[in-house]
Enquirer: 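Let me give you the structure first, and then I'll get to my questions.
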Protein chains: 2
Amino acid sequence: MQYSEMSKEELLTLQAELNQQYAEAKAKGLNLDMSRGKPSATQLNVSLGLLDAINASSDLKAENGTDCRNYGVLDGIPEAKKLMADMMGTTPEHIIVYGNASLNIMYDQVSRAYTHGILGNTPWGRLDKVKFLCPVPGYDRHFAITEHFGIEMINIPMSESGPDMDMVEQYVNNDETVKGIWCVPKYSNPQGFTYSDETVKRFANLKPAAKDFRIFWDNAYVIHHLYDDKQDEILDIISECEKAGNPDMVFEFASTSKVSFPGSGIAALASSEANLADIKKSLTIQTIGYDKLNQLRHVRYFKDINGLKEHMRKHAEQMRPKFEAVLEVLNTELGGLGIGSWYAPRGGYFISFDAMEGCAKEIVAKCKEAGVKLTNAGATFPYGKDPKDSNIRIAPSFPTPEEMAQAADLFVLCVKLVSVEKLLAK
Amino acid sequence: MQYSEMSKEELLTLQAELNQQYAEAKAKGLNLDMSRGKPSATQLNVSLGLLDAINASSDLKAENGTDCRNYGVLDGIPEAKKLMADMMGTTPEHIIVYGNASLNIMYDQVSRAYTHGILGNTPWGRLDKVKFLCPVPGYDRHFAITEHFGIEMINIPMSESGPDMDMVEQYVNNDETVKGIWCVPKYSNPQGFTYSDETVKRFANLKPAAKDFRIFWDNAYVIHHLYDDKQDEILDIISECEKAGNPDMVFEFASTSKVSFPGSGIAALASSEANLADIKKSLTIQTIGYDKLNQLRHVRYFKDINGLKEHMRKHAEQMRPKFEAVLEVLNTELGGLGIGSWYAPRGGYFISFDAMEGCAKEIVAKCKEAGVKLTNAGATFPYGKDPKDSNIRIAPSFPTPEEMAQAADLFVLCVKLVSVEKLLAK
């Protein structure tokens, strides 16, 4: 029976029951963290061999003879470019391999556009107004970068096939103050949606009013499948943009943070020849080069794209039971109640839950009170403001499947309790 | 006999001899690089054990229990802070440990001052004029950063005790557009001078007209001695600034680039509590954290400051003969001729040579023509312009001592030849 169809008496009875259950749950003294997309220690063990991939006796030369122990090479050793290109579905000539974090590359791209401009265009810092489109819900750290630079962010609704492209086209093709859009195109953070072929093609065929409009294509979960048999695929944005006559329109990002070790992986940018040349003019001022030994370590360990895929299968074995534990509880406990909706992703790091309007903050607070930490409600929106106070991001990766089930039990209890309170307050 | 005292006939005879020698030298087909401060392969071998310092069987937790394989920790694991603090002569609470390069930290400090300002002051990008003082000769990559941001650079003469402090005080204490100064205070690049105690104290006691004036103190060669018995010491700028009531006036930088592996080391910033808090507000937008496994690798390998010192002794054993080979040739071949001056440094990576005015470019070109690559003449000055066309930076680290001697032989020949031409043209 849907909660909305219940009488006041039924709701009050239910509330009393739920309050009793909540008191019992609190008494358990849980201490679980579902707040960030952080691998568990067991999952990190899968990558331990990386630390043996090179040692003091190894040949430490790259395939072109570069001594990886010394200065030099701004844009990455060739075999690391190849590995990252294969992972991102593009070719090595589009790649710069950076240091340990794609977030840092994204920050630098915005910062450099702000201080020096893109391909000869006016630096954003000299313009009165710069806007970014933000498909929502999305990744809080993206929004934090654009907020940090005083860039106005505009919410764009998401569906299972990607952002609302009518709205994207309307903004990008007509408003020259719109300079960028944040995208997580595959297994999106937090919903787990993958942009459809039509969406990618519409992106590639944009006719931006601003010459320096760029798609910030954060392909963070490009090989992060949960299943062997059910995998999302996505078109290569770089070649689609080339075909559409917009070769310079995209900056694509990826890293091995959630492949090898978060913070100790390698990251890459993919873009057009003209963009890479423009970037390197600044990059050579910023650094002499990135950690080539870590690039070599990754290539020696994973060998090639097949090695990466095989490795990600091992991750999936650990992640799948956690996702399934949450989804099982959501389906069993909330199915048919009309107080929330969710999606079963085929990859990525998150499950996105939409509560009844005006309930998300209270649900997160109640979970926290009983020992389960969730991402702050609102965090998935620019400025931390979810207009409907509805979206909650669940990150199942860190706890064990058993802990995940416990945490999910508490979560659904809090969803029920807050929903009942909301209905009673009407 | 000094060249300047020679008659025209003597000079012509000498020129003919030198031209003959130069033709013979060119015929040898040398191919040597003295252009950058790059360790040799043999010297890199000294650090190979670093790659065995952690492996798949190691305990990968920091001393405070942090799993170094996972996300988290913005400012470095405690033991890495301690190691870098000891190396820099300060204490861990002043330290942020970054990624692989101090150059990148310096760039970020300038870039952030440009976009967001320092401690609430107006961002430099919004000011009509920003100036930096540049002790000369200095490090080309410093000057490249400030040039990249359109900052006007002012030459400050160097002496064996450091920059001309009368001039520094005159500018800093009276001109509020002067926002910074680039310093390599110990074994300076390229001269190998170490700032005297008086110089450091005068720096600490500056009374800047600009509240956001900062000393960019690049302590790149802080433990890079050439000798066991003759070592320069330098006062700790951080505590001197504290004592002088100017705790926020300095950003100090260092790295293990020339201790472990260039590009694969760890780097650090040292500054006041207020500056570090200000920096972290931006840093947390830029990155989730730096490579903690590499921090752990360095700490496990070097253990403590004594381990670092012992390690640097092994480097010195390799570097010393190369420096001595060059100095021997300079002394023997150019001593008393009045066509150049140099200094025998007790540490660092360079020997700085001052030719007769107007000769540096031609000397570098002649060396190149005969197969010996030197740093471009002028590179040690802002905008690549040496007003006297006199200074040449010699980097002895990469070739073997034998190659170094060969290269030095060619170098002194070119110095003689160009000097004679110069004198004849008068």
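Nothing here was measured: the structure is a model prediction, and the numbers come from that model. Each chain gets a letter, A, B and so on, in the order the sequences are listed, and its residues count up from 1.
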Enquirer: Using a cut-off of under 4.5 Å on heavy-atom pairs, state which of A/Ala41, A/Gly49, A/Gly99 scores highest against chain B.
Expert: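 Most pairs with chain B among the choices: A/Ala41.
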Enquirer: Can you check whether chain B and chain A share any donor-acceptor pairs under 3.5 Å, and give the atom names and distances if they do?
Expert:
{"from": "A/Pro39", "atom 1": "O", "to": "B/Asn70", "atom 2": "ND2", "distance (Å)": "2.8"}
{"from": "A/Asn45", "atom 1": "OD1", "to": "B/Arg69", "atom 2": "NH1", "distance (Å)": "2.8"}
{"from": "A/Asp52", "atom 1": "OD1", "to": "B/Ala56", "atom 2": "N", "distance (Å)": "3.0"}
{"from": "A/Ala56", "atom 1": "N", "to": "B/Asp52", "atom 2": "OD1", "distance (Å)": "3.0"}
{"from": "A/Arg69", "atom 1": "NH1", "to": "B/Asn45", "atom 2": "OD1", "distance (Å)": "2.7"}
{"from": "A/Asn70", "atom 1": "ND2", "to": "B/Pro39", "atom 2": "O", "distance (Å)": "2.7"}
{"from": "A/Tyr71", "atom 1": "OH", "to": "B/Lys258", "atom 2": "NZ", "distance (Å)": "3.3"}
{"from": "A/Asn100", "atom 1": "ND2", "to": "B/Gly289", "atom 2": "O", "distance (Å)": "3.0"}
{"from": "A/Asn104", "atom 1": "N", "to": "B/Gln286", "atom 2": "O", "distance (Å)": "3.4"}
{"from": "A/His116", "atom 1": "NE2", "to": "B/His148", "atom 2": "O", "distance (Å)": "2.5"}
{"from": "A/His116", "atom 1": "NE2", "to": "B/His148", "atom 2": "NE2", "distance (Å)": "3.3"}
{"from": "A/Arg141", "atom 1": "NH1", "to": "B/Thr284", "atom 2": "O", "distance (Å)": "3.2"}
{"from": "A/His148", "atom 1": "O", "to": "B/His116", "atom 2": "NE2", "distance (Å)": "2.5"}
{"from": "A/His148", "atom 1": "NE2", "to": "B/His116", "atom 2": "NE2", "distance (Å)": "3.3"}
{"from": "A/His148", "atom 1": "NE2", "to": "B/Ser282", "atom 2": "OG", "distance (Å)": "3.1"}
{"from": "A/Lys258", "atom 1": "NZ", "to": "B/Tyr71", "atom 2": "OH", "distance (Å)": "3.3"}
{"from": "A/Ser264", "atom 1": "OG", "to": "B/Asp291", "atom 2": "OD1", "distance (Å)": "2.7"}
{"from": "A/Ser282", "atom 1": "OG", "to": "B/His148", "atom 2": "NE2", "distance (Å)": "3.1"}
{"from": "A/Thr284", "atom 1": "O", "to": "B/Arg141", "atom 2": "NH1", "distance (Å)": "3.2"}
{"from": "A/Gln286", "atom 1": "O", "to": "B/Asn104", "atom 2": "N", "distance (Å)": "3.4"}
{"from": "A/Gly289", "atom 1": "O", "to": "B/Asn100", "atom 2": "ND2", "distance (Å)": "3.0"}
{"from": "A/Asp291", "atom 1": "OD1", "to": "B/Ser264", "atom 2": "OG", "distance (Å)": "2.7"}

Enquirer: For B/Leu51 versus A/Leu293, what's the shortest heavy-atom pair and its separation?
Expert: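 Heavy atoms of B/Leu51 and A/Leu293 come nearest at CD2-CD1, 4.2 Å.
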Enquirer: I need the B/Leu60 CG to A/Leu44 CG distance, nearest 0.5 Å.
Expert: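 These two atoms lie 9.5 Å from each other.
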Enquirer: Applying ring pair (Phe, Tyr, Trp, His ring centres under 6.0 Å), can you list everything that pairs with A/Phe251, at least two apart in sequence or on another chain?
Expert: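 With neighbours one apart ignored, the set is A/Phe216.
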Enquirer: Any idea which of A/Gly37, A/Gly72, A/Pro39, A/Ala53 has the most non-hydrogen atom pairs under 4.5 angstrom with chain B?
Expert: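 Greatest number of close heavy-atom pairs with chain B: A/Pro39.
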Enquirer: Measure distances from B/Phe143 to the heavy atoms of chain A and classify the residue's part below 4.5 Å as side chain, backbone, both or neither.
Expert: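 Neither part.
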